[in-house]
Amino acid sequence: MNNLFEKLKKITGVMVSYYFICKRKLWLFARNIQLENENEHVLIGKQIHEESYSKTKKDITILDTINIDFINRKDKLILNEVKKSSKNEKADHYQMLYYLYFLSEFGVNAEGEIRYSKENKKKHIVLTEENKKEILLILDKIEKIIEGSLPKNIKTSRCTKCAYKDFCYVV
Ligand code: SF4
């Protein structure tokens, strides 16, 4: 088993997303301090996910590392993610790039689509050689963060809707 495979098994798509949202959130999540199920904003997001595209096969997990909402095939394999809104668009973009990168390392070529259900907006994502290098750098940075000490509380408007809000205000 090579180092890259070990790294890919350790870092999930959610962790890539949290890298862009909040480094502290990434650190907490990586240590299995998971409060997501208790947060009403997360529950609303899950409900939208359940109700969207209900006739399509959903929640496909690959190698216990990545979780894709659904897959369809046009002239290519398309991974699809359904999000509530585009407020975390950058995080969503890199999460999808990571999925595409992950699959490419196993010889599967795919493209991605992110659907923002409330905004009725769709974004198509293609993996390039340039962003493969970028993903590798991000994976290195994620490893350093999760092996380090607890990052500081960022105290932004994001905190009010974050599942770790209570934890951050008491530590
Ligand atoms: S409450 Fe704020 S600082 Fe704490 S994990 Fe969430 S976003 Fe990060």
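Because only heavy atoms are used, hydrogens play no part in the values below, and waters and symmetry mates are left out as well, while side chains stay in. When a ligand or atom number is given, it counts from 1 through the structure's own listing order. Just so we're clear, the structure is a prediction, and the values are computed from it rather than from any experiment.
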Task: Side-chain (Glu111) to main-chain (Lys76) donor-acceptor, under 3.5 angstrom - done: no

Task: Pair Glu134, Tyr94: side-chain N/O donor-acceptor within cut-off below 3.5 Å - done: yes

- [ ] Give the numbers and elements of all ligand 1 atoms closer than 4.0 Å to a heavy atom of Lys165.
- [x] 1 (S)

Open item on the list: Inside 2.8 Å of atom 8 (Fe) of ligand 1 but strictly below it, how many protein N/O/S atoms are present?
Closed with: 1

Task: Those residues that, when tested against Lys132, pass side-chain contact (heavy atoms from CB on, under 4.5 Å) (two or more places apart) - done: Tyr101, Ser104, Leu127, Glu129

Task: Which residues share a ring pair (Phe, Tyr, Trp, His ring centres under 6.0 Å) with Tyr19, sequence neighbours left out - done: none

Open item on the list: Tell me which one of Leu137, Leu26, Thr12 satisfies side-chain contact (heavy atoms from CB on, under 4.5 Å) with Ile142.
Closed with: Leu26

TODO: Using the test side-chain contact (heavy atoms from CB on, under 4.5 Å), find all partners of Ser157 that sit at least two apart in sequence or belong to another chain.
DONE: none

